[in-house]
Student: 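Before we start, here is the structure in question, set down as structure tokens.
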Amino acid sequence: MLDRLTHALRTDHPDRPAVLRHTRLGTVRTVIRRGELADLADGYAAALHAHGLGPGDTVGVAVRPGPRALAVMLAAHRLGLRIAVLDPTAGPDVLAARLTLARPDLVLADAAAQAVAGWAGPLARRADLALPRLTALGPVATLGRRLPGCAPHLPGCAAHLRPAGATPPARPDGGPETDAVIVFTSGTTARPRAVVHTRDGLAAGLRTVADLVDPRPGTVVLGGTFFVLVPALAAGAAVVLPARRPAALGRQLARLGPAHTYLTPPQLRAALAAGARFTGRVWTGSAPADAALLRRVKQSGAHQAWSVYALTELFPAAAVEEADKSAHDGDGDLVGAPLPGVRARIATGGGLLLTGPGARHRYLGEDPAPWVRTGDRAALTPDGRIVLAGRLKDMVLRRAENIYPGLYEPALHLPGVELAVLVGVPAGDGDERLVALVQPAPGTDPRRLREALRRPLDRMAAARPDAVLFGEVPLAGRSRKPDRAAAAAHCARELDR
């Protein structure tokens, strides 16, 4: 897929816009054209090669999603390098431990990432961004605009978007199990854990996305992640980077009418609250998306609304459209049938195992393993669809009974509910109280909502919560998933009042 993209950028309408953005006033601007993106990738490849990097070397990347990050990935692919992704939300101690494990030969960072690691650290930490001093992780080079205090530019690359012209080296031969990317996931400072995807595994995941979404030439796709950019650009579509502010995002959607929109559930909720209207097909993932949210998206104009089940270890694994998700009347969260090539089975204890061509090759420092342990408790329907029942570690023990919140949380997402979680709160005697924390949608009457919740609560039988609290559900991490630990602490404080 990456080879196909590199060829397509040069031969398929190189003068057309590749990546777009909007100004604060709503004007559409071209960030980079297709041929310019190919030039950018070639320039980075030549510069990295001149820096002495070759097959098997590791490059740490702290660059915001967009053309530069994609060009670095294309350059690394061409040289046989592997990319180690730096996440500024991980915290400096965790990130330093992770990069010690990966041992990058060079760290590429934009000015923003270096500011977070330096003079802007105190301000950035208010936004949950923190990086260690990047120079402590290895040699550092700046991509894009350089500000005072930043490392020197990558040799051969100017401050503007397009680097100085240079002839990139030929692509080295590499086997199917050559490492392509390292993505850090669970683990601790003492024992970091990193997912390693090979070139063939990454290509398989990208093909699955392309087959699922089927972007068309000349259309517009709204989204900013690697798995959005590559299939869309390879197909000849233009990609618009989503605005951060919900009102601006709504103007983007109204002005461009994208054929496909990729947003996380929190982004969708914020856009809907701002009155956004959708078009075409909308895709969401990275965090749970209940049927009620998907229905709201379709009621706001989308032709289809899809929830995609994916993991760092296997992207994507399954997908389901709102109509099928809404029709599911059993317990748990239906996430759909495994996508082509993906196989699922249930381990002893109810844990979901997945495998497929796009699955991670191994965890860094560990032996390869064919099956991915998702950490999700699940069941398979007679026709092979996956129904999640919560995280294995999220179990609540109440009166010697195991309660899995994921089985029951979907029933709480009624009209008027923005988000809802079930958490365990220590009862002081070794037992736990089960508490539902419900975040009402804006403008919802709390009394009517509490009355509407009676029926689903009654249907929970032995899993009925001991208390139902209304309030904002805390979110955490880059994907803004519900923070269960913070939610449990909030509920404990409210119950103790």
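Please read all numbers here as calculations on a predicted model, not as lab measurements.
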Student: List the steps, then state whether salt bridge (Lys or Arg N to Asp or Glu O under 4.0 Å) holds for Glu313 with Arg193.
Tutor: CA-CA 12 Å; Glu313 292 87 346; Arg193 204 170 200 202; 5.7 Å; no

Student: Does any N or O in the side chain of Thr444 come within less than 3.5 Å of the main-chain N or O of Pro440, such that one atom is a donor and the other an acceptor?
Tutor: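 Answer holds: no.
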
Student: Determine the minimum heavy-atom distance between Leu253 and Arg277, stating which atoms define it.
Tutor: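 Heavy atoms of Leu253 and Arg277 come nearest at CB-O, 3.4 Å.
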
Student: Flag the pair Leu352 / Arg377 as yes when at least one side-chain heavy-atom distance between them is below 4.5 Å, and no otherwise.
Tutor: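 The answer is no, as the side chains (C-beta and beyond) never meet within the 4.5 Å cut-off.
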
Student: If you look at every heavy atom in Ala234 and Ala8, which pair is closest and at what distance?
Tutor: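 Heavy atoms of Ala234 and Ala8 come nearest at O-CB, 4.0 Å.
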
Student: Could you walk me through whether Leu241 and Leu20 pass side-chain contact (heavy atoms from CB on, under 4.5 Å), step by step?
Tutor: CA-CA 6 Å; Leu241 303 177; Leu20 307 169; over 6 Å; no

Student: Does Asp329 CG have over 12 foreign heavy atoms under 6.0 Å away?
Tutor: no

Student: If you count the non-hydrogen atoms of other residues, nucleotides and ligands that lie under 6.0 Å from CZ in Arg450, is the total more than 12?
Tutor: yes

Student: Okay, side chain of Arg484, backbone of Val423: is any donor-acceptor separation there less than 3.5 Å?
Tutor: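 It does not hold such a pair.
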
Student: Any side-chain heavy atom of Arg373 sitting closer than 4.5 Å to one from Leu353?
Tutor: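 In short, these two side chains touch, coming nearer than 4.5 Å.
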
Student: Any non-hydrogen side-chain atom of Leu339 less than 4.5 Å from a side-chain atom of Leu212?
Tutor: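 The answer is yes, as the side chains (C-beta and beyond) meet within the 4.5 Å cut-off.
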
Student: Please check if the side chain of Asp110 supplies one atom and the backbone of Arg64 the other of a donor-acceptor pair under 3.5 Å.
Tutor: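 Yes, because the side chain of Asp110 sits within donor-acceptor range (under 3.5 Å) of the backbone of Arg64.
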
Student: Checking Arg34 against Asp15 for the salt bridge (Lys or Arg N to Asp or Glu O under 4.0 Å) test, could you report, in this order, the C-alpha distance in whole Å, the side-chain angles of both residues, the deciding distance, and whether it holds?
Tutor: CA-CA 6 Å; Arg34 295 174 63 83; Asp15 292 333; over 6 Å; no

Student: Treating Lys325 as the side-chain partner and Leu334 as the backbone partner, does any N or O pair qualify as donor plus acceptor under 3.5 Å?
Tutor: yes

Student: Will you find, in the side chains of Thr198 and Asp200, an N or O donor that is under 3.5 Å from an N or O acceptor?
Tutor: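 Distance-only check fails for Thr198 and Asp200.
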
Student: Is a donor from one side chain sitting under 3.5 angstrom from an acceptor on the other, for Arg281 and Thr261?
Tutor: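 Thr261 and Arg281 do not have a side-chain donor-acceptor pair below 3.5 Å.
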
Student: Does some side-chain heavy atom of Val421 sit less than 4.5 Å from a side-chain heavy atom of Glu409?
Tutor: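 They are in contact (side-chain heavy atoms under 4.5 Å apart), so the answer is yes.
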
Student: Looking only at atom types and distance, does a side-chain atom of Thr208 sit under 3.5 Å from a main-chain N or O of Pro316, one as donor and one as acceptor?
Tutor: no

Student: In Å and rounded to the nearest 0.5 Å, what is the NZ to CG distance from Lys481 to Leu475?
Tutor: 12.0 Å

Student: Can Asp214 and Arg216 be said to form a salt bridge (Lys or Arg N to Asp or Glu O under 4.0 Å), step by step?
Tutor: CA-CA 6 Å; Asp214 192 24; Arg216 296 302 175 92; 2.7 Å; yes

Student: Of the non-hydrogen atoms in Pro357 and Gly341, which two are nearest, and what is the gap between them?
Tutor: CD-O, 3.2 Å

Student: Does some side-chain heavy atom of Val213 sit less than 4.5 Å from a side-chain heavy atom of Tyr262?
Tutor: yes

Student: Could you walk me through whether Val61 and Val85 pass the side-chain contact (heavy atoms from CB on, under 4.5 Å) check?
Tutor: CA-CA 5 Å; Val61 177; Val85 180; 5.9 Å; no

Student: After noting the C-alpha distance and the side-chain angles of Arg296 and Glu322, does the key distance pass the salt bridge (Lys or Arg N to Asp or Glu O under 4.0 Å) rule?
Tutor: CA-CA 10 Å; Arg296 290 174 61 197; Glu322 178 275 326; over 6 Å; no

Student: Verify whether one side chain among His328 and Asp333 offers a donor that lies under 3.5 Å from an acceptor in the other.
Tutor: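 His328 vs Asp333: no donor-acceptor pair found between side chains.
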
Student: Is the shortest side-chain heavy-atom distance between Leu294 and Ser307 below 4.5 Å?
Tutor: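 Heavy-atom side-chain distance check passes, below 4.5 Å.
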
Student: Walk me through whether Leu412 and Leu453 qualify under side-chain contact (heavy atoms from CB on, under 4.5 Å).
Tutor: CA-CA 7 Å; Leu412 298 176; Leu453 285 168; 4.2 Å; yes

Student: Can Ser326 and Arg295 be said to form a side chain to side chain donor-acceptor pair (under 3.5 Å), step by step?
Tutor: CA-CA 8 Å; Ser326 294; Arg295 283 196 298 272; 3.0 Å; yes

Student: State whether the side chain of Gln252 and the backbone N or O of Ala243 hold a donor-acceptor pair below 3.5 Å, judged by distance alone.
Tutor: yes

Student: Using modelled atom types and a 3.5 Å cut-off, is there a donor and acceptor pairing between side-chain atoms of Thr374 and backbone atoms of Asp376?
Tutor: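 Yes, the answer is positive, given that a donor and an acceptor are paired below the 3.5 Å cut-off.
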
Student: If the plane angle is over 60° it's perpendicular, under 30° parallel, otherwise tilted; pick one for Trp283 and Trp306.
Tutor: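 Correct class here is parallel.
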
Student: Show the nearest heavy-atom pair for residues Glu432 and Asp466, with the distance to one decimal.
Tutor: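 Scanning both residues, the minimum pair turns out to be O-OD2, 4.5 Å.
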
Student: Is a side-chain N or O of Arg433 found less than 3.5 angstrom from the main chain of Arg398, in a donor-acceptor match?
Tutor: no

Student: Considering all heavy atoms of both residues, which atom of Phe470 and which atom of Pro446 are nearest to each other, and what is their separation?
Tutor: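 Answer, listing the atom of Phe470 first, then Pro446: CE1-O, 3.4 Å.
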
Student: Between the main-chain N or O of Phe278 and the side-chain N or O of Ser300, is there a donor-acceptor pair closer than 3.5 Å?
Tutor: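 Checking the backbone N and O of Phe278 against the side chain of Ser300, no donor-acceptor pair under 3.5 Å is found.
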
Student: More than 12 heavy atoms of other residues, nucleotides or ligands under 6.0 Å from CZ of Arg10: is that the case?
Tutor: yes

Student: Roughly how far, to the nearest 0.5 Å, is the CG atom of Leu422 from the CD1 atom of Ile403?
Tutor: 8.5 Å

Student: What is the distance from atom CG of Asp496 to atom SG of Cys491, rounded to the nearest 0.5 Å?
Tutor: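 Between Asp496 CG and Cys491 SG, I get 11.0 Å after rounding to 0.5 Å.
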
Student: With a 4.5 Å limit on heavy-atom distance, are the side chains of Leu233 and Leu70 in contact?
Tutor: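 Answer yes - side chains close enough.
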
Student: Does any non-hydrogen side-chain atom of Val240 lie less than 4.5 Å from one of Pro258?
Tutor: no

Student: Leu268 and Val297: side-chain contact (heavy atoms from CB on, under 4.5 Å), yes or no, with the steps?
Tutor: CA-CA 8 Å; Leu268 285 178; Val297 169; 4.1 Å; yes

Student: So which atom in Tyr309 and which in Leu388 form the shortest heavy-atom distance, rounded to 0.1 Å?
Tutor: CE1-CD1, 3.8 Å

Student: Donor-acceptor pair, distance only, cut-off 3.5 Å: does the side chain of His490 make one with the backbone of Gly471?
Tutor: no

